[in-house]
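Note sheet for the following structure.
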Number of protein chains: 2
Amino acid sequence: MSNLDWLKQFPALATMPEGERAPLAGGAMAMNAPAGTTVYAPGEPCNAFILVIDGAVRVYQLDADGNEIVLYRLGPGSICILTTLALLASDAYSAFAVTETPVHAMALPAATFNDLMARSAQFRSFVFGAQAARMADLMAVIQNVAFASIESRLAARLLTLAGGGGELSITHQQLAAEIGSAREVVSRQLKAFERRGWVSLGRGRVELRNAAPLRAAAGH
Amino acid sequence: MSNLDWLKQFPALATMPEGERAPLAGGAMAMNAPAGTTVYAPGEPCNAFILVIDGAVRVYQLDADGNEIVLYRLGPGSICILTTLALLASDAYSAFAVTETPVHAMALPAATFNDLMARSAQFRSFVFGAQAARMADLMAVIQNVAFASIESRLAARLLTLAGGGGELSITHQQLAAEIGSAREVVSRQLKAFERRGWVSLGRGRVELRNAAPLRAAAGH
DNA sequence: AAGCGGTCTGTGACGAAGTCACCGCCGAAT
DNA sequence: ATTCGGCGGTGACTTCGTCACAGACCGCTT
């Protein structure tokens, strides 16, 4: 039987009545994956519902020409909608999900997942909440790529990636993939930021020197 | 009691066991809305699950500067994910859903919807299938706005909007909103199509004259 | 220490797309 | 018939993506 201590981290699930948690206790399997593990890829069969306990998963799209754009990230407490929907609706997506850090997760086999969905209103609302959040993420991405300037998209992304810290280990190419643009465009924009004293640059490194104007630029 | 004849149109629901259909029979309410009715708008409270029986609903995003982009359309048999998720997760979206034609729909109050979700695996999988389809729609939009040329996006959209017929009643401004571009850009591209003999243009009208090259242009 | 291959970054030139300002035109309402 | 608001056309300019290429940096080998 699995240890369900990790459940305590997730209020939405932890308060589920004893009886409803039974399938969880019986069917949950712990997973540990190193950074760089593929969680979902188009065409791959997928047969489990996945809940991230610790670590980060990057979900992105990749087209035939090699163009890449990051859709969203999953952190602790998030479930992988892609695998869930592929599991339930057997629909194929053109997206990839890859771990960025070592990831600790719980996997529920399809049968266990279905059982929980049938039993627990709380679990259903947890799953729907996740759906809603991902949907909102995608809609935000659409707004950005369709109507926002490169300057604001890049500034915003630098801030969220830095997340408080001031140092990023990332290449221009990766940043371009983050915002769905081209490497040259990102290089030039970063240079502009550097000239203004907002960041300082190194090979594979971006240091935020002055977050305030970046925040302002991210706004519009 | 509502007439459930409409259910026959939807195999996914029609084959639900008698008992599971009970809440549906008891709680479903028929709705008829003229074209132009707002189904979902940010900030509006929404308290019903909506299933389209006949007609079309356009779901689009609108930002502060008036920029507009169509996300997807709902036809017969589709459910409005936006209202469903807003209902379940009380999350606010920046999107609008508006009827384009007179729409005939069924509405389930939240309680009835929750009851069905609890009882029927078939209903759950119907709802999840719809989620998955909308998610795929959004991801396709992202691919297009991020990486596809205006020529291919416009050609593709003209073909799907025409849907077999050769005549469209639509303005350049509306077409721009369809693909998330600017009116001038669409005007110029349409002129180019006209010079090549692919379409002929009139005020508020686009006639497809030669679909084959349009299909080719839509491809890449 | 020197060389080497691969990755990362910088740059100029160009084309595609978005923006701005302004125009004339059509058509419905008065 | 005139007016007025929505529609479409156009030129000038800016921003962004693409292409081609050069140089810099890094880790590795010799």
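The sequence lines fix the lettering, A, B, ..., with proteins before strands; numbering per chain opens at 1.
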Whichever of A/Arg205 and A/Phe147 has its nearest DNA chain C nucleotide further upstream toward 5':
A/Arg205
Within the 4.5 Å heavy-atom criterion, are B/Leu201 and B/Val206 side-chain neighbours or not?
yes
Could you tell me how far apart B/Ile69 (CD1) and C/dG18 (P) are, to the nearest whole angstrom?
11 Å
Quick one: B/Asp65 CG to C/dG18 P, roughly how many Å, whole number?
15 Å
If the threshold is 4.0 Å, N to carboxylate O, is there a salt bridge linking B/Glu167 and B/Arg209?
no
Check this one for me: any side-chain N or O of B/His172 less than 4.0 Å away from OP1 or OP2 of D/dG6?
no
Side chains of residues 77-84 of chain B: which donor-acceptor pairs under 3.5 Å do they make with residues two or more places apart or in other chains?
{"from": "B/Ser78", "atom 1": "OG", "to": "B/Gly75", "atom 2": "N", "distance (Å)": "3.4"}
{"from": "B/Ser78", "atom 1": "OG", "to": "B/Gly75", "atom 2": "O", "distance (Å)": "3.2"}
{"from": "B/Thr83", "atom 1": "OG1", "to": "B/Cys80", "atom 2": "O", "distance (Å)": "2.8"}
{"from": "B/Thr84", "atom 1": "OG1", "to": "B/Cys80", "atom 2": "O", "distance (Å)": "2.8"}

Between A/Glu151 and A/Arg153, is the closest basic N to carboxylate O distance under 4.0 Å?
no
Of the listed C/dA17, C/dT9, D/dG9, the closest approach to the A/Thr171 side chain comes from C/dT9
Nearest whole angstrom, please: distance from the C1' of C/dG10 to the CG of A/Leu190.
12 Å
Scoring nucleotides 21-30 of chain C by protein non-hydrogen atoms under 4.0 Å (B base, S sugar-phosphate only, - none) yields B----B----
In this structure, how many angstroms lie between the C1' atom of C/dC8 and the CG atom of A/Leu168, rounded?
17 Å
Residue pair B/Ile150/A/Ile170 against DNA chain C: nearer the 5' end by closest nucleotide is A/Ile170
Taking CG from B/Leu201 and C1' from D/dG9, how many angstroms apart are they, rounded to a whole number?
12 Å
My understanding is that only one of A/Thr99, A/Val103, A/Asn32, A/Val98 makes a side chain to side chain contact (heavy atoms under 4.5 Å, CB included) with A/Thr37; could you say which?
A/Thr99
Rounded distance (Å) that lies between atom P of C/dA17 and atom CG of B/Leu175
16 Å
Tell me the interatomic distance from A/Arg188, atom CZ, to D/dG17, atom P, rounded to whole angstroms.
10 Å
Examine C/dG18: is either OP1 or OP2 under 4.0 Å from a nitrogen or oxygen in the side chain of B/Ser181? Give yes or no.
yes
With B/Arg183, which residues qualify under salt bridge (Lys or Arg N to Asp or Glu O under 4.0 Å), at least two apart?
none
Presence of A/Lys191 side-chain N/O under 4.0 Å of C/dT9 phosphate oxygens OP1/OP2
no
Kindly determine whether A/Phe123 and A/Phe113 satisfy ring pair (Phe, Tyr, Trp, His ring centres under 6.0 Å), including the steps that lead there.
CA-CA 9 Å; A/Phe123 187 75; A/Phe113 175 76; 5.7 Å; yes
Value in whole Å for how far the P atom of D/dT10 lies from CD of B/Gln189:
14 Å
